[in-house]
Amino acid sequence: MTITTYGCSMSELERYRISITGTPGCGKSSLAQHAISRSKKFEVSEVIELAEKFGCVGEIDGIDDARPIDIEKLAEQLVDGWNKKPKCTKFIDGHLSHLLPVDAIVIIRCNPETLTERNRERGWKESKIIDNEEWELLGGPWNEYEEWGELPCLELDSTAQNVESLFETIECWIRDGFKPESPEDRIDWVSVLHE
């Protein structure tokens, strides 16, 4: 059986675990939720839920209001269970998801100025907003490329694109066998913001 959405055909035989990663506020969760709203052939797991399930999350940090995740321990916990293909394509939503044993990585990027506005609307502490803006400016998950560099990777800019358009691109990329396997040019916010 084959399902068709957005002009790209997806076979039931194609089942992957795909990281949806990026700086907090870039739109990862919105994109993941859109995926499952479009088809029952997709599932989403959140990194924080996986960390809680496997006892890999700490108490809330008073500095940034985040719960630290032991991502190395979590990855070790998942390796055995994730040796076989999932029942359907599963998106792993979270800014550390690219460090888990996945089949491919989608990096969602966002202009740091827009990202700052989004995170202020969330009511975050100014220090956390600035930390995330700087992380995005410096390349976000690309800073950890050495830890996952062999996996197919797609980089998308969510600054002005809606989730439907982003999801269409991801679905076609999966259908095309994760080609291209890596972006020809990475998004460089330093160059964009200083033009």
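Keep in mind that the numbers below use all heavy atoms, side chains included, and drop hydrogens, waters and symmetry copies.
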Side-chain heavy-atom pair [X], [Y] within 4.5 angstrom cut-off:
{"X": "Glu171", "Y": "Phe167", "answer": "yes"}
{"X": "Ile130", "Y": "Trp135", "answer": "no"}
{"X": "Leu78", "Y": "Leu74", "answer": "yes"}
{"X": "Thr89", "Y": "Ile18", "answer": "yes"}
{"X": "Ile170", "Y": "Leu31", "answer": "yes"}

Distance in Å, [X] [atom1] paired with [Y] [atom2], rounded so as to fall on 0.5 Å steps:
{"X": "Asp131", "Y": "Glu136", "atom1": "CG", "atom2": "CD", "value": "13.5 Å"}
{"X": "Lys84", "Y": "Arg15", "atom1": "NZ", "atom2": "CZ", "value": "10.5 Å"}
{"X": "Arg118", "Y": "Glu113", "atom1": "CZ", "atom2": "CD", "value": "13.0 Å"}
{"X": "His95", "Y": "Ile71", "atom1": "NE2", "atom2": "CD1", "value": "8.5 Å"}
{"X": "Glu46", "Y": "Glu52", "atom1": "CD", "atom2": "CD", "value": "9.5 Å"}
{"X": "His34", "Y": "Phe91", "atom1": "NE2", "atom2": "CZ", "value": "10.0 Å"}

Using every non-hydrogen atom in the two residues, find where [X] and [Y] come nearest and quote the distance to one decimal.
{"X": "Trp148", "Y": "Pro141", "result": "NE1-O, 3.6 Å"}
{"X": "Leu50", "Y": "Ser45", "result": "CD1-CB, 4.2 Å"}
{"X": "Ser97", "Y": "Val47", "result": "CB-CG2, 3.7 Å"}
{"X": "Pro24", "Y": "Arg122", "result": "C-NH1, 4.3 Å"}
{"X": "Asp93", "Y": "Ser29", "result": "OD2-OG, 2.8 Å"}
{"X": "Pro112", "Y": "Trp189", "result": "CD-CG, 3.4 Å"}

Has the side chain of [X] got a donor or acceptor atom that lies under 3.5 Å from a matching backbone atom of [Y]?
{"X": "Thr114", "Y": "Cys110", "value": "no"}
{"X": "Arg67", "Y": "Val57", "value": "no"}
{"X": "Asp176", "Y": "Trp173", "value": "no"}
{"X": "Asn119", "Y": "Asn132", "value": "no"}
{"X": "Lys28", "Y": "Ile20", "value": "no"}

Linking I/L/V/M/F/W/Y whenever their side-chain heavy atoms sit closer than 4.5 Å, directly or via other members, would [X] and [Y] fall into one cluster?
{"X": "Leu96", "Y": "Ile60", "result": "no"}
{"X": "Leu115", "Y": "Val192", "result": "no"}
{"X": "Tyr16", "Y": "Leu151", "result": "no"}
{"X": "Val44", "Y": "Phe42", "result": "yes"}

Item to check | For His98, side chain to side chain donor-acceptor pair (under 3.5 Å) partners two or more places apart | outcome: Thr21, Glu144
Can you establish whether the number of heavy atoms outside [X] located under 6.0 Å from its atom [atom1] is more than 12?
{"X": "Lys125", "atom1": "NZ", "value": "yes"}
{"X": "Glu59", "atom1": "CD", "value": "no"}
{"X": "Leu138", "atom1": "CG", "value": "yes"}

Checklist outcome for this item: For residues 70-79, the side-chain hydrogen bond (donor to acceptor under 3.5 Å, both in side chains) pairs (sequence neighbours left out) are none
Checklist entry - Hydrophobic clusters join Ile, Leu, Val, Met, Phe, Trp and Tyr when side-chain heavy atoms are under 4.5 Å apart, directly or via other members; which others share one with Trp124? => result Ile129
Checklist outcome for this item: Quick note, salt bridge (charged side-chain N to carboxylate O under 4.0 Å, His left out) partners involving residues 179-191, not counting sequence neighbours, are none
For residues 152-163, which side-chain N or O atoms pair as donor and acceptor with protein atoms under 3.5 Å away, sequence neighbours left out?
{"residue": "Glu155", "atom": "OE1", "partner": "Ile187", "partner atom": "N", "Å": "2.8"}
{"residue": "Glu155", "atom": "OE2", "partner": "Arg109", "partner atom": "NH1", "Å": "2.7"}
{"residue": "Glu155", "atom": "OE2", "partner": "Trp142", "partner atom": "NE1", "Å": "2.7"}
{"residue": "Asp157", "atom": "OD1", "partner": "Thr159", "partner atom": "N", "Å": "2.8"}
{"residue": "Asp157", "atom": "OD1", "partner": "Thr159", "partner atom": "OG1", "Å": "2.5"}
{"residue": "Ser158", "atom": "OG", "partner": "Cys26", "partner atom": "O", "Å": "2.5"}
{"residue": "Ser158", "atom": "OG", "partner": "Arg109", "partner atom": "O", "Å": "3.0"}
{"residue": "Thr159", "atom": "OG1", "partner": "Asn111", "partner atom": "N", "Å": "2.7"}
{"residue": "Gln161", "atom": "NE2", "partner": "Ser165", "partner atom": "OG", "Å": "3.3"}
{"residue": "Asn162", "atom": "OD1", "partner": "Glu164", "partner atom": "N", "Å": "3.2"}
{"residue": "Asn162", "atom": "OD1", "partner": "Ser165", "partner atom": "N", "Å": "2.7"}

Report all side-chain donor-acceptor pairs from residues 101-108 shorter than 3.5 Å, counting only partners two or more places apart or in another chain.
{"residue": "Asp103", "atom": "OD2", "partner": "Arg17", "partner atom": "N", "Å": "2.7"}

